[in-house]
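Every value quoted in this text rests on a predicted model; they were computed, and no experiment measured them.
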Amino acid sequence: MKAILLHGTDGSCESNWIPWLKQQLEKHAFEVYAPSLPNSAFPNGDAWSDFIIQNTPFRFDTDTIIIGHSAGAALIPMLLQKLPTGTRIKRAILVSGFHIDLDWDKLKNLQNVSVDYDDLKQKCDDFILLHSDNDPYVPIEEPQELAERLNGKLIIIKGQGHFNLGASPKYKEFPKLLSIILKDNALQNLYLASSFRGAGVAQLIMDDIENLLGKKATEIRLAYITTAGNLHPSDKQEWIDEGRKILQERGWQVFDYDIAGKTESEVATELTNRDAIFVQGGNNFYLLEQMHNCNFDKIVKNILAKGVPYIGESAGAIVCSNNIRNQQYMSGDPIRAKEMTDFCGLGLVDFLIKPHWNREGIKREKFSRFLQENSEEFYSISQPIICLNDNQLIRVEGDSFQIWQGN
């Protein structure tokens, strides 16, 4: 995937959340172009569009997303208008966008390219407009009208001003925007379980996948990724053996695979021509490290886009989030977490998962201890958290999800 990030008036490639977003997207295998636009104090739509078209280091195509903030968002329709006929991009995201000069002298030359909105809809698959209900510069009527003209989706977030550092110092980052960018298309099929062995869970998953793929059990070839269990003694990996046995008894063809120490090319080759991927439980921080080492996020997104379903159990479900830093306050290996610097997950869902919610004994004791020792950090977590019992799973299809429950 490719992304173009466009700043606003008086801005640059270092403004607000632009450098953070560039870094995060690059971690998710995006090629990113984030230019400092010329004479940004007095935006010129014609000059800015030409500058971008002449300097963007990749082609505008269906793998391209354009994200603009403020004047950068207002520029997007003019930029698309100047692209050659037949060009089509995947998505445009307008943050605090508008289509008039807002009575600012600085903006009098911004809207200087005529726009045919019907033509724009032929050049972009999807328009998303992100706005706050208390933007001090851009009235809410602006994105509302743009959304109507573009057949776009308008997302209103309360009390966030102009999504810039003037509104809050937190806008050095923009996790909500990142989650919107990373949301995949409707081909994404995920089965995120607390325990594959939980009552009725395996049955629900296997029934649904066989129906989804239109294949008999004996025809399904599954890549069974055991990496998360590598740190556990060989005589204490019963969940791997039992999960594999359930699948094999069903008739599925199970191929064990460990991504640790493998290159991106090796992993991509091994997972090619598999009908489904199963990522086992174990140590979620170790698993994420090994995923980073082989660019697993890039590989799995390419595979999901082809309609291949993903099954994640415990750690295999946890790593599907955008960022799992806060998992150290809920479960896992806090010592390993303290040694990590990159907690960027696969970016498949925008919530955290707390598995084994109903499990008593050692897991309950560990969670209680973590909560007691890190109560301030835990209660400051802003990401949504879904707590799963062992007989539950999250069924994700495209941008929506349901919680399924077994027996």
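A side-chain donor-acceptor contact under 3.5 Å links Thr227 and Asp258. Looking at Glu142 and His99, their side chains do bring a donor and an acceptor atom within 3.5 Å of each other. A side-chain donor from one of Asn230 and Tyr286 sits under 3.5 Å from a side-chain acceptor of the other. Between the side chains of Asn407 and Asn391, not a single donor N or O lies within less than 3.5 Å of an accepting N or O.
Geometrically, Lys262 engages Tyr257 in a cation-pi contact, judged by NZ or CZ lying under 6.0 Å from the ring centre and within 45° of the ring axis.
Side-chain N or O atoms of Gln188 include one that pairs as donor or acceptor with a backbone N or O of Leu348 at under 3.5 Å. No donor-acceptor pair closer than 3.5 Å links the side chain of Ser321 to the backbone N or O of Gly345. Of the possible polar contacts, one joining the Gln81 side chain to the Asp116 backbone as a donor-acceptor pair under 3.5 Å is found. Panel note: side chain Gln405, backbone Gln392; no donor-acceptor pair is recorded below 3.5 Å. Remark: side-chain polar atoms of Thr56 are not paired, donor with acceptor, to backbone N or O of Ile53 under 3.5 angstrom. Trp252 contributes no side-chain N or O that, together with a main-chain N or O of Leu222, makes up a donor-acceptor pair within less than 3.5 Å. At distances below 3.5 Å, not a single donor-acceptor pair connects side-chain atoms of Gln111 with backbone N or O atoms of Gly45. In this structure a side-chain-to-backbone donor-acceptor pair under 3.5 Å is missing from Ser49 to Asp46. The closest donor-acceptor contact from the side chain of His292 to the backbone of Cys344 lies under 3.5 Å.
Gln144 CD to Arg149 CZ: the interatomic distance, rounded to the nearest 0.5 Å, is 13.0 Å. Between atom CG of residue Leu177 and atom NE2 of residue His69 there is a gap of 9.5 Å, rounded to the nearest 0.5 Å. Rounding to the nearest 0.5 Å places CZ of Arg88 at 9.5 Å from OG1 of Thr62. Separating the CG atom in Asp342 from the CG atom in Leu288 is a distance of 7.0 Å, to the nearest 0.5 Å. To the nearest 0.5 Å, atoms NZ (Lys123) and OG1 (Thr87) are separated by 6.5 Å. Summarising the geometry, atom CG belonging to Leu178 is positioned 9.0 Å from atom CG belonging to Asn323; distances are rounded to the nearest 0.5 Å.
In the displayed structure, Tyr137 atom OH is contacted under 6.0 Å by at most 12 heavy atoms of other residues, nucleotides or ligands. Open room surrounds CD on Glu148; 12 or fewer heavy atoms of other groups in view lie less than 6.0 Å from it. In this structure, Lys82 places its NZ atom where more than 12 heavy-atom neighbours from other residues, nucleotides or ligands lie under 6.0 Å away. Lys298 NZ: 12 or fewer foreign heavy atoms inside a 6.0 Å radius.
Closest non-hydrogen pair, Met78 versus Ala74, comes out as CE-O, 3.1 Å.
The ring pair (Phe, Tyr, Trp, His ring centres under 6.0 Å) analysis of residues 387-407, with sequence neighbours excluded, yields the pairs Phe351-Phe401. Residue pairs meeting the ring pair (Phe, Tyr, Trp, His ring centres under 6.0 Å) criterion with at least one partner in residues 199-234, sequence neighbours excluded, are Tyr224-Phe278, His232-Trp239. Within the structure, the side chain to side chain donor-acceptor pair (under 3.5 Å) test picks out the following pairs touching residues 381-390 (sequence neighbours left out): Ser194-Asp390, Asn326-Gln383, His356-Asp390, Arg359-Asp390. Every pair passing salt bridge (charged side-chain N to carboxylate O under 4.0 Å, His left out) that includes a residue from residues 59-74 is listed here, sequence neighbours excluded: Lys2-Asp61. Screening residues 209-225 for salt bridge (charged side-chain N to carboxylate O under 4.0 Å, His left out), with sequence neighbours left out, gives Glu210-Arg250, Lys215-Asp275, Arg221-Asp275.
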*When you look at Leu37 and Ile52, which way does the side chain to side chain contact (heavy atoms under 4.5 Å, CB included) test go after all the steps?*
CA-CA 8 Å; Leu37 298 169; Ile52 294 164; 3.8 Å; yes
*Which is it for Asp208 and Arg395 under the salt bridge (charged side-chain N to carboxylate O under 4.0 Å, His left out) test, yes or no, and what are the steps along the way?*
CA-CA 10 Å; Asp208 198 65; Arg395 171 65 169 99; 3.1 Å; yes
*List the steps, then state whether salt bridge (charged side-chain N to carboxylate O under 4.0 Å, His left out) holds for Lys106 with Asp10.*
CA-CA 10 Å; Lys106 282 190 170 189; Asp10 290 318; 2.7 Å; yes
_Using the rule given for side chain to side chain contact (heavy atoms under 4.5 Å, CB included), can you reason through Leu94 versus Leu130, listing the C-alpha separation, both sets of side-chain angles and the distance that settles it, and then say yes or no?_
CA-CA 6 Å; Leu94 288 68; Leu130 192 60; over 6 Å; no
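Looking at His131 and Val138, their side chains come closer than 4.5 Å, going by heavy atoms from C-beta outward. With contacts defined as side-chain heavy-atom distances shorter than 4.5 Å, the pair Phe285/Met340 qualifies. Contact annotation: the side chain of Ile311 never approaches that of Val279 to less than 4.5 Å [non-hydrogen atoms, C-beta and beyond]. Between Arg197 and Glu313 the shortest side-chain heavy-atom distance falls below 4.5 Å.
Each of Val396, Ile394, Asn322 was scored for a side-chain contact (heavy atoms from CB on, under 4.5 Å) with Val349, with one residue passing: Val396. The one candidate from Ile180, Ile66, Leu5, Ile76 that meets the side-chain contact (heavy atoms from CB on, under 4.5 Å) condition with Ile93 is Ile180.
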With a 3.5 Å cut-off and sequence neighbours excluded, list the donor-acceptor pairs that the side chains of residues 156-169 form with protein atoms.
from, atom 1, to, atom 2, distance (Å)
Gln160, OE1, Lys170, NZ, 3.0
Gln160, OE1, Tyr171, OH, 2.7
Gln160, NE2, Lys158, O, 3.2
His162, ND1, Asp135, OD1, 3.2
His162, ND1, Asp135, OD2, 2.8
His162, NE2, Ser70, OG, 2.8
Asn164, OD1, Gly166, N, 3.3
Asn164, OD1, Ala167, N, 3.0
Ser168, OG, Lys170, N, 3.1

